[in-house]
Amino acid sequence: MCSIRWSAILGVAIIMAMMPPVQAQQFSPRIGFTYPAGGRQGTTFQVAIGGQFLDGSAEVHFSGTGVRAKVLEHTRPLTVAQAGLLRDRMKELMDKRAEAMKPAGQRSTTRPAWTDADDKEIADIRKKLSTFIPKNQINAAIVETVTIEVTIAADAPPGERDIRLRGPLGLTNPLVFCVGQVPEFSRKLAVVYREPKNGMGPKVPPREPDLNITLPATVNGQIMPGAVDRFHFKATKGQRLVAAVGARALIPYLPDAVPGWFQATLALYDAKGNELAYVDDYRFNPDPVLFYEIPADGEYVAEIRDSIYRGREDFVYRITLGELPFVTSTFPLGGKAGTRTPLQLKGWNLPVDKLVQDATEKKPGMMQTSVRKGELVSNHVPFAVDSLAECNEQEPNNMPITAQLVTQPVIINGRIDKPGDIDIFRFEGRAGEEIVAEVNARRLNSPLDSMLTLTDASGKQLAFNDDHEDKGSGLNTHHADSWLRATLPATGAYYVHVADTQHNGGEEYAFRLRISSPRPDYELRVTPSSINARGGTNVPLTVYALRKDGFTGEIALSLKDAPAGTSLAGAKIPANQDQVRLTLAAPATALETSIAF
């Protein structure tokens, strides 16, 4: 493959503005959290965005439609020197007031005049000192706050958006912002140091009491060190409660936290304090989802915390709870492009157990499946679309003698439908032929932790794989899908075995197995997510090649729809390399533009 030269169109969102080169390269604006991290359709509310280098933030950008916002205020804590000067001035004013309030016989010969202006100055100093954070308490990445007012249209599509700020230094990185459908409840913005103690120093504010909510609801909050947040609600017998937490989904990684993420736990109690249910994940997803059928009318309490009681302002969460539709599994996990695929659905509070996924006008890639119950839309689950022929698994096929015969290239939709099950598929191959077998399961929301084995007709193992890293699947602590590649030694029958590593199984343990010759391909990723550059300067960026099915060839890069004067130096990824560092030359004329993939 090294002799093949592939071409790719490179894209990156670019902001080019007149700014000092040092600022453009070293002080890029960054946001670390958004609170609350979403809101309900048809509402207007305030949001605090924590970050760094946010001076002059003037615009808010959302992906998708139906959401707009305006900037209200930017707050940056005092420096140590500024706080010291203010404290000195505060002491002068306090001494002056004490002298002015002494009885006549105890006053100095020159009585200080205490005025309304002095009262106002003390109030102003106290307000300014409330933004001071001692050096050992500073988290530089979120030390500044921009307050915005968000308006979500009543017909805004529910789901996730990207949110960014824009100011003189350009665009920030994106964070997740959610558009919800049910009433929202939010705890107060968590600020460790707020009011000065005795006029001279900070104090920790008292903990906010538990919230009372009504179902259905979305609850927004932040977990601070050692904190446990609780929410009281009433429920009736027979209600099928779903409580889904968004935490890692909102901020996948905290670069200066140990460990680098918020690990939420969720518990449900009755009015007497008896624990009824507890979860700290949802299958392999780190954000917990709790399912519980209410046994009796009464008051219940939901409780969220970090698993090891850490916390700070960017431990942001959203919990949506109520008798909500929630899809737990689908089958099959995908279908062929240009066709309509009947799906079987499992879950809670679903209005149907079957639907048809229409991919008649779709190209190979990923779609999303959801169902609607009244006005409420369920969670979205992935549905893979491919161009190969497809078939469904046929049982029994757990022994070589009963193996299901397939003709490759093919994608087989199957299930490890009970603990210890093994699915075996037979195909005919030719001597010297290269074969790839790949499982898509975990990447499609299936709990299957697959392992693949390729054997010949005598049962001899030719290839085996448990976990194969897919660098395109984002931040993933366990790459559980399998992939293997082998050259067949002779013409004849071969067998592909699919099983679960932990010997688990069930109707939700679905998979898509591809058996085909290699399909060499790649995807590209670009960092940073936005470039803020001064006109006429050169800025670095890194392009990553996510190579598939053994592709090793050189990849030529070029810009699409780039403005005149924009160019790339070193625009290729050499054969057998996974990344290259390039230099982007910005045009001399300052402008704002987006160069798309």
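Keep in mind that the numbers below use all heavy atoms, side chains included, and drop hydrogens, waters and symmetry copies.
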Do [X] side-chain atoms and [Y] backbone N/O form a donor-acceptor pair below 3.5 Å?
{"X": "R187", "Y": "L189", "result": "no"}
{"X": "S450", "Y": "D481", "result": "no"}
{"X": "T147", "Y": "A48", "result": "no"}
{"X": "R372", "Y": "E375", "result": "yes"}
{"X": "T542", "Y": "T527", "result": "no"}
{"X": "Q239", "Y": "I294", "result": "no"}
{"X": "D467", "Y": "H478", "result": "no"}

Do the charged groups of [X] and [Y] touch, with an N to O distance under 4.0 Å?
{"X": "R89", "Y": "E121", "result": "yes"}
{"X": "E149", "Y": "K70", "result": "yes"}
{"X": "K120", "Y": "D124", "result": "yes"}
{"X": "K272", "Y": "D270", "result": "no"}
{"X": "E184", "Y": "R40", "result": "no"}
{"X": "E299", "Y": "K234", "result": "no"}
{"X": "D470", "Y": "R443", "result": "yes"}

Requested in this report: Test the R310-F262 pair against the cation-pi criterion, namely NZ or CZ under 6.0 angstrom from the six-membered ring centroid and within 45° of the ring axis.
Outcome: no

Requested in this report: Check whether any side-chain heavy atom of L266 sits under 4.5 Å from a side-chain heavy atom of Y317, and report yes or no.
Outcome: no

Query raised in the report: Given the rule in the ring pair (Phe, Tyr, Trp, His ring centres under 6.0 Å) test, do F177 and F62 qualify, once you have shown the distances and angles that lead to the verdict?
Result: CA-CA 8 Å; F177 188 86; F62 293 94; 5.3 Å; yes

Query raised in the report: Taking all atoms of both residues into account, what is the closest heavy-atom pair of Q46 and L72, and its distance?
Result: NE2-CD1, 3.5 Å

Report task. Please report the closest heavy-atom contact between R318 and L250, naming both atoms and the distance. Result -> N-CD1, 4.1 Å

